[in-house]
Amino acid sequence: MLPKLHLLLRFRFLVSASNRHFTRSNSVFRITATYSTICPNQVESPNEEAIEHPRDSIPIFKQWGCCENDLLKIFSRQPSLRNAQATPLLSKLNLLSSLGLTGSDVVKMVNCRPRFFCSRINNCFDERIEFLVNLFGSREMLRKALVRNPSLLTYDFHNTMKPVIALYEEIGISGNDLIAMLISRPTLIPRTSFNEEKMEYIKKTGVSKGSKMYKYVVSLLGISRIETIREKVTNLEKFGCSEEEIWSLLGRSPLILTLSVDKVQRNMTFVLGTMKLSPRVVLEHPFLLFSNLEAVLKPRISLARKLKEMELDPQIKGSIMLTALRMTENRFLNVFIKCHPEDVANELLEFYKHAKGLKPLAESSKKILRKGFPF
């Protein structure tokens, strides 16, 4: 009985040991398989070396010819580009390279549109480029336009870009005129909208399609909000200008639409109140609305009064006053200050510098309300 029991215990020990050995082997097999990096369709080569990808974007931009100063500009405008993923960034840079854009161009584009590389510029890329090359006439002109407005590669191609271009061509702006507006007004495509009221405004300016000012009138009215246009027209009406005179002025000088209501108010108040000129003078000489009030108008009118008090010639009065206000700084100094004896010239120059340095009351503590886009 004892020998049989001994044999049974020995048999169980051997079976248990065999099971433990199989379990350990299977576990090792499973661990090895878990950490395998070979894909099902990948062929392993004994001579294959691991490819190291850049951990950040610095080596990529340097390969594109960007120097340390360029990198500083890029990362200061868009810090997240420092840690951009290599593969998407390389893909976008290769697309830009196919358009003839260089590293210096990329710096300008990022400075203009910091989030440019966050956009999917590969969407409809070939179709978009073909359309833009036909529009601009050459790839070189397209390159210049992209540096000026990188968003040409990111606008919704079918729902925004093409309809807006077609709309301007229908209104009568195409070819070189349309190219000039697209380059000078980067907001033309996303902000353009026309309705019956705006079309009526274009007619009120009296500008014909053949006029050189037509493209400026149409594009500025197109990107301006209706409420803003009304506000600016009403603002000029407060100073005694009729609606007909205002629209005639905007037809001759449409860039007035780019001026804020506050600037026009301050300049008109000074011209009418301090210089004692009539609104008609402003209508005939719109540069008075564009001139810098603190750096040009006020100090030069103050000097005119000083010259009158000292009875010095030439005097700044009459038609000469308007000429003096349009002069460059150096020419103004030579004509009205440096022409006098040294002691008198020094006195006038000191007075003029002091007049330019004066600020309106509480100017340093005034809170300026930023309303954003002035159109």
Point to revise | Centroid-centroid distance, Phe125 to Phe157, less than 6.0 Å | key: no
Point to revise | Between CZ on residue Phe61 and CG on residue Leu93, distance to nearest 0.5 Å | key: 6.0 Å
**Study point:** Separation of Ile223 CD1 from Ile189 CD1 (nearest 0.5 Å)
**Key:** 12.0 Å
Point to revise | Reported CG-to-CE distance for the pair Leu182 and Met161, which is rounded to 0.5 angstrom | key: 8.5 Å
Review point. Between Glu243 and Lys204, does at least one N-O distance fall below 4.0 Å, as a salt bridge requires?
Key: yes
Check your understanding: Given side chains that start at C-beta, do those of Pro190 and Tyr155 come closer than 4.5 Å, heavy atoms only?
Key -> yes
Review point. Between NZ of Lys306 and CZ of Phe351, what distance do you get to the nearest 0.5 Å?
Key: 6.0 Å
Review point. What is the minimum heavy-atom distance between Pro186 and Ser184, and which atoms define it?
Key: CD-O, 3.4 Å
Review point. Which heavy atom of Ala84 sits nearest a heavy atom of Leu89, and at what distance?
Key: CB-CD2, 4.3 Å
Practice item. Treat each ILVMFWY residue as a node, draw an edge where side-chain heavy atoms are under 4.5 Å apart, and state whether Met275 and Phe290 are in one component. Key: yes
Check your understanding: Looking at NZ of Lys198 and CG of Leu221, how far apart are the two atoms once the value is rounded to the nearest 0.5 Å?
Key -> 7.5 Å
Check your understanding: Of all residues at least two apart in sequence or in a different chain, which pass the salt bridge (Lys or Arg N to Asp or Glu O under 4.0 Å) check with Arg120?
Key -> none
**Study point:** Flag side-chain contact, heavy atom, 4.5 Å: Phe287 against Ser253
**Key:** no
Practice item. Would you indicate whether Asn292, at its atom CG, is surrounded by more than 12 heavy atoms from other residues, nucleotides or ligands within a distance under 6.0 Å? Key: yes
Determine all donor-acceptor pairs shorter than 3.5 Å in which one atom belongs to a side chain in residues 324-333; sequence neighbours excluded.
residue : atom : partner : partner atom : Å
Thr328  : OG1  : Arg331  : N            : 3.4
Glu329  : OE1  : Arg300  : NH2          : 3.0
Glu329  : OE1  : Tyr352  : OH           : 3.2
Glu329  : OE2  : Tyr352  : OH           : 3.1
Glu329  : OE2  : Lys356  : NZ           : 3.2

Practice item. Taking the six-membered ring of Phe117 (Phe, Tyr or Trp), confirm whether the NZ or CZ of Lys92 is under 6.0 Å from its centre and within 45° of its axis. Key: no
Point to revise | Tyr214 and Ile202, any side-chain heavy atoms less than 4.5 Å apart | key: yes
Point to revise | Contact check, side chains of His340 and Glu347, non-hydrogen atoms, under 4.5 Å | key: no
Exercise for review: Test Tyr201 against every option in Ile226, Val233, Leu250 by the side chain to side chain contact (heavy atoms under 4.5 Å, CB included) rule and name the one that passes.
Suggested key: Ile226
Exercise for review: Would you kindly confirm whether Val107 and Leu72 end up in one hydrophobic cluster when ILVMFWY residues are joined by side chain heavy atoms under 4.5 Å apart?
Suggested key: no
Exercise for review: Is it possible for you to say whether Leu167 and Met181 belong to one hydrophobic cluster, with membership spreading through side-chain heavy-atom contacts below 4.5 Å?
Suggested key: yes
Check your understanding: Who pairs with Ser151 by side chain to side chain donor-acceptor pair (under 3.5 Å), at least two apart in sequence or on another chain?
Key -> Arg113
Check your understanding: Please walk me through it: do Phe194 and Tyr168 pass ring-ring contact (aromatic ring centres under 6.0 Å, His included)?
Key -> CA-CA 10 Å; Phe194 284 100; Tyr168 276 105; 5.7 Å; yes
Point to revise | Lys/Arg-Asp/Glu bridge criterion (N-O < 4.0 Å) met for Glu227, Arg230 | key: no
**Study point:** Shortest non-hydrogen separation from Leu132 to Leu142 and the atoms involved
**Key:** CB-CD1, 3.7 Å
Study note, to complete from the structure: The reported gap from OG in Ser224 to CG in Leu220 (rounded to nearest 0.5 angstrom) is 6.0 Å
Practice item. Answer whether the closest heavy-atom distance between the side chains of Lys108 and Asp70 falls below 4.5 Å. Key: no
